[in-house]
Amino acid sequence: MRESTGTGLILGIESSCDETAAAVVRGGSAALSNVVASQMSLHANYGGVVPELASREHLRNVVPVVREAMARAGVTFDELDAIAVTEGPGLAGALLVGITYAKALSFGLGKPLIGVNHLEGHIHAVLMEARQRAEAPIPLPLLALVVSGGHTHLYLARQSGEARWSYRNVGRTVDDAAGEAYDKVAKLLGLGYPGGPWIDALAARGNPRAVPFHFGQIKPRPHREGVSFPNKKAPAVTAGPAFNFSFSGIKTAVLRYVETHHMREGIEARRAALAADSTLKPSSEAVAALCDAETLDLIASFQYAVVGNLLRQTFAAAESFGARGIVVSGGVAAKFPSLALSTDNAAMIAAAAWPKFVAEEFADDDLGATPQLRLGQT
Ligand code: KG4
Ligand code: ZN
């Protein structure tokens with residue numbers, strides 16, 4: 001381990017899903033730039049991310065986005081201490097674009113390359129923002145809820161020594177991610193993609209207690225490791241319970257509500273009205289005007305139930321593991337931290353790379369994309 005002898009500047013690159021992003025962060029805490037090229041409107045036509053289109057867009061965007069991040073930060077490539085890039089989890093082809101470009105930069109500049117887990121990035125987005133605001137450091141160990149379109153995970157995170165972070169995955173969704181449930185329910189109700197922001201905006205206009213959705217209680221259960229091969233021994237039980245989530249049930253419950261309350265016609269009318277809308281992004285007032293009170297109540301009740309479930313599991317896990325701080329991040333957390341740091345970005349990748357830089361945990365030349373990369377031990 002060593003103190004940085006250089007500038008402390010890390011260029012982060014993120015391309016795991018549908019955002020091409022680059023940022024320059026100093027010392028893991030000060031974001032000098034944070035540039036994101038979103039492909040959202042492209043994929044909106046298909047109601048979800050199309051992997052082939054995503055890779056192609058990353059290829060088109062990665063060079064200008066990195067240049068823009070460098071220009072906005074007002075630094076030159078020579079001043080960088082290292083290049084950090086998301087190595088997973090994510091779409092293989094999308095990840096490869098960022099990784100290949102980061103490797104080329106690292107090789108060409110003779111600067112170290114650091115591979116970062118996207119989920120670790122989401123956690124560090126919150127830590128970085130707390131440092132930027134000069135708030136008191138979040139006490140450790142902390143319990144982190146990472147909640148996005150692709151993930152609903154609980155991690156117990158601690159720091160040993162000054163640099164090394166370690167993580168333990170203490171809960172995850174057994175089916176859909178929370179953001180996925182938001183997106184699917186929004187689609188079912190004839191709202192645009194991605195659905196999270198629409199549901200969030202419309203929920204404020206309905207009664208959250210109108211429809212009592214009940215989550216089948218997923219009880220904390222003993223954590224089991226995967227079956228070991230070739231002996232096929234019984235799975236070992238590891239210490240501590242797992243606080244899992246399930247969001248496919250509430251999606252079905254919303255569908256059932258729509259059917260039993262004969263809401264189909266209204267939904268199709270809304271879908272048609274939004275499809276015919278020529279404005280790039282209609283205002284939430286305009287969309288709310290297309291929803292009757294029953295729909296707004298349904299949306300508010302859905303959000304109330306999902307958020308309640310997320311909070312209950314998070315607090316229960318924090319208590320069970322003796323966590324002293326709680327962190328919430330990922331697109332569904334939007335605004336907490338700020339929106340720019342909640343959704344996918346590269347400042348969080350550069351921030352998460354800082355302790356690795358200090359510990360000289362550098363990537364080899366053969367760094368590849370790991371679409372199913374996990375964070376920490378289970
Ligand atoms: O972290 P993110 O940008 O990408 C992934 O890594 O998945 O998260 C995107 C997800 C989408 O499912 C989107 O609908 C949801 O976050 N989302 C929201 C809000 N803004 C975005 N969900 C709830 N409320 C929001 N305000
Ligand atoms: Zn993400």
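As the structure lists them, so they are numbered: ligands from 1, and atoms in each ligand from 1.
- Closest protein heavy atom to atom 26 (N) of ligand 1: Asp200 OD2, 2.8 Å.
- Here the angle centred on the Zn ion (ligand 2), running from OD1 of Asp344 over to NE2 of His118, is 90°, rounded to 10°.
- Classified by interplanar angle (parallel below 30°, tilted 30° to 60°, perpendicular above 60°), the ring pair Phe302/Tyr182 is perpendicular.
- The aromatic rings of Tyr257 and His261 lie parallel to each other, their planes meeting at an angle below 30°, with 60° marking the opposite boundary.
- In this structure, Glu68 and Val35 approach most closely via the heavy-atom pair CG-CG2, 3.7 Å.
- The single protein non-hydrogen atom nearest to atom 3 (O) of ligand 1 is Asp344 N, 3.4 Å, given as residue, atom name and distance.
- Across the listed options Tyr193, Tyr182, Trp198, Tyr182 owns the non-hydrogen atom lying nearest to atom 23 (C) of ligand 1.
- Scanning the protein heavy atoms around atom 14 (O) of ligand 1, the nearest turns out to be Asp183 OD1, 2.6 Å.
- Atom 21 (C) of ligand 1 has its closest protein heavy atom at Gly331 O, 3.4 Å.
- Distance check for Cys17 against the Zn ion (ligand 2): none of its N/O/S atoms falls below 2.8 Å.
- Annotation: atom 9 (C) of ligand 1 to nearest protein heavy atom, Gly149 N, 3.6 Å.
- Applying the side-chain contact (heavy atoms from CB on, under 4.5 Å) test between Tyr155 and each of Val170, Leu119, Leu143 identifies Leu119 as the sole match.
- Phe243 and Phe321 have perpendicular rings, their planes meeting at more than 60° on a 0 to 90° scale where under 30° would count as parallel.
- Counting backbone and side-chain atoms alike, His151 contributes no N/O/S atom closer than 2.8 Å to the Zn ion (ligand 2).
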